[in-house]
Amino acid sequence: MDNINISDYNYDAIKYFISVAKYGSLSRAAKFLGISQSALSQSMKNLEQSLGVVLFNRNTRGIILTDEGRVLYQNAIKGNECFKNAIIETLRLKTFKDTKLCKISCSNSLTSLLITPKMRILKDKLSNINIEFCNTIRDSKVVENLQSGNYDVVILKGNKDFNIKEVEVKKLCTLNYVFAYNPQYFDLPECMSFNQVSNYPIILKERDGQNDNSWLKFSVDKYIECKSDNQCLEMIKNGAGIGFYPKEMLEKENLKMLNIENFSPTKRIVYVCFLSYNKTANTIVEELLKF
């Protein structure tokens, strides 16, 4: 058995056999295959002779598989499915090479600020690259996820220095955190002292990358701590308090910024991280840095 030479057997005959077994009739199988019934019948006789077994029994109802025929049919179906999958996977690989995928980890707020306004231009310039937005990840997991291929590009806030040669880190922009409120709910003067502001509930994000905002919540009487920039923004818009929020993200909102005496905006740098040898990521980052 181990010395069987598979090349001695006609693969077309196996395909024909599957059709005959499926349709239970030489005439119906021949019509489906687009060949003559006599040619199909001869092919089946040749297959039985090469295998040295009887595959069919014929009766008034049509063709009935023998035990050997059932074994061949069951395994031929599996083999045909494997062959089809091999073709599909090969074509899929070709498609993947022609149309690349870039997986980006970026918060919803940063996506809205940095990527969404540029998507039309990016789509035209990077027509052969599909973009998939993924969940945000911790700073400590950036290198691991880039190296494992879970992400191609990671965009986040905070000071980044991974000290790993293959990980590129580039500055995308600087965000300036200011105090802002919805004038629909608060009637405030244009300029206030920090002590005056601290009398109101302060809405802040727990952390911004590696930056901790705990100094702020310990400096005021009341605060509302959120897990995301989007949560903060919704709280500010709905009059829950005065928000500590990036000025650049407020430009499209009907909110007002406060001038605080002796208080300068807190700056947060937004970085983009990617592997230096990832060509797709390099292409995406190169376009993002142009804006």
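For NZ of Lys141, the number of neighbouring non-hydrogen atoms (other residues, nucleotides, ligands) closer than 6.0 Å is 12 at most. Counting non-hydrogen atoms of neighbouring residues, nucleotides and ligands closer than 6.0 angstrom, the OH atom of Tyr185 exceeds 12 such neighbours. Summarising the local packing, CE of Met249 is surrounded by more than 12 heavy atoms from other residues, nucleotides or ligands at distances under 6.0 Å.
The backbone N or O of Ile104 lies less than 3.5 Å from no partner atom in the side chain of Asp152, so there is not a single donor-acceptor pair. A donor-acceptor pair under 3.5 Å is formed between the side chain of Asn238 and the backbone N or O of Glu234. Remark: the backbone N or O of Asn176 is paired with a side-chain donor or acceptor of Glu248 at under 3.5 angstrom. Here the side chain of Lys290 pairs no donor or acceptor atom with the backbone of Glu286 at under 3.5 angstrom. No donor-acceptor distance shorter than 3.5 angstrom exists from the side chain of Arg58 to the backbone of Ile63, with no hydrogens or angles considered. Put simply, the side chain of Ser105 gets close to the backbone of Asn135: a donor and an acceptor are under 3.5 Å apart. Ser43 contributes no side-chain N or O that, together with a main-chain N or O of Ala39, makes up a donor-acceptor pair within less than 3.5 Å.
Residues Leu101 and Thr280 share a closest heavy-atom pair of O-CG2, 4.0 Å. Considering all non-hydrogen atoms of both residues, Leu275 and Asn282 come closest at O-ND2, 3.5 Å. Closest heavy-atom contact between Val270 and Ile155: CG1-CG2, 3.7 Å. Between Val220 and Ser198, the shortest heavy-atom distance links the atoms CG1-CB, 3.7 Å. Minimum heavy-atom separation, Val153 to Cys102: CG2-SG, 3.9 Å.
No side-chain donor from either of Ser228 and Asn230 sits under 3.5 Å from a side-chain acceptor of the other. For the residue pair Asn46 / Gln42, a side-chain donor-acceptor distance below 3.5 Å is found, with atom types taken as modelled. A side-chain donor-acceptor contact under 3.5 Å links Thr174 and Lys171. For Lys237 and Asn182, the side-chain atoms include no donor-acceptor pair closer than 3.5 Å. Side-chain N/O atoms of Glu261 and Gln196 include no donor and acceptor closer than 3.5 Å.
With ring centers used as reference points, Phe17 lies under 6.0 Å from Phe56. A distance of 6.0 Å or more separates the ring centres of Tyr151 and Phe274.
Under the 4.5 Å side-chain heavy-atom criterion for grouping Ile, Leu, Val, Met, Phe, Trp and Tyr, Tyr73 is connected to Leu51 within one hydrophobic cluster. Cluster membership check: Val54 does not share its hydrophobic cluster with Leu65, using side-chain heavy-atom separations under 4.5 Å among Ile, Leu, Val, Met, Phe, Trp and Tyr. Following chains of ILVMFWY side-chain contacts shorter than 4.5 Å, one can reach Val53 starting from Ile14, so the two form part of one hydrophobic cluster. In terms of hydrophobic clustering, with Ile, Leu, Val, Met, Phe, Trp and Tyr side chains grouped at heavy-atom distances under 4.5 Å, Val71 and Ile18 are assigned to different clusters. Tyr277 and Val169 fall within a single hydrophobic cluster, where Ile, Leu, Val, Met, Phe, Trp and Tyr are joined by side-chain heavy atoms under 4.5 Å apart, directly or via other members.
Aromatic ring pairs are classed by plane angle as parallel below 30°, tilted from 30° to 60° and perpendicular above 60°; the pair Phe179 and Phe263 is tilted. Classification of the Phe186-Tyr200 ring pair by plane angle, with boundaries at 30° and 60°, yields perpendicular.
Contact annotation: the side chain of Ile242 never approaches that of Ile203 to less than 4.5 Å [non-hydrogen atoms, C-beta and beyond].
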- Message: For a salt bridge (charged side-chain N to carboxylate O under 4.0 Å, His left out) check, start with the C-alpha distance between Lys45 and Glu48, then their side-chain angles and the critical distance, and finish with the verdict.
- Response: CA-CA 5 Å; Lys45 287 179 182 178; Glu48 287 181 321; over 6 Å; no

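Rounding to the nearest 0.5 angstrom, the gap separating the NZ atom in Lys157 from the NZ atom in Lys267 is 14.5 Å. The NZ atom of Lys279 lies 9.5 Å from the OG1 atom of Thr283; values are rounded to the nearest 0.5 Å.
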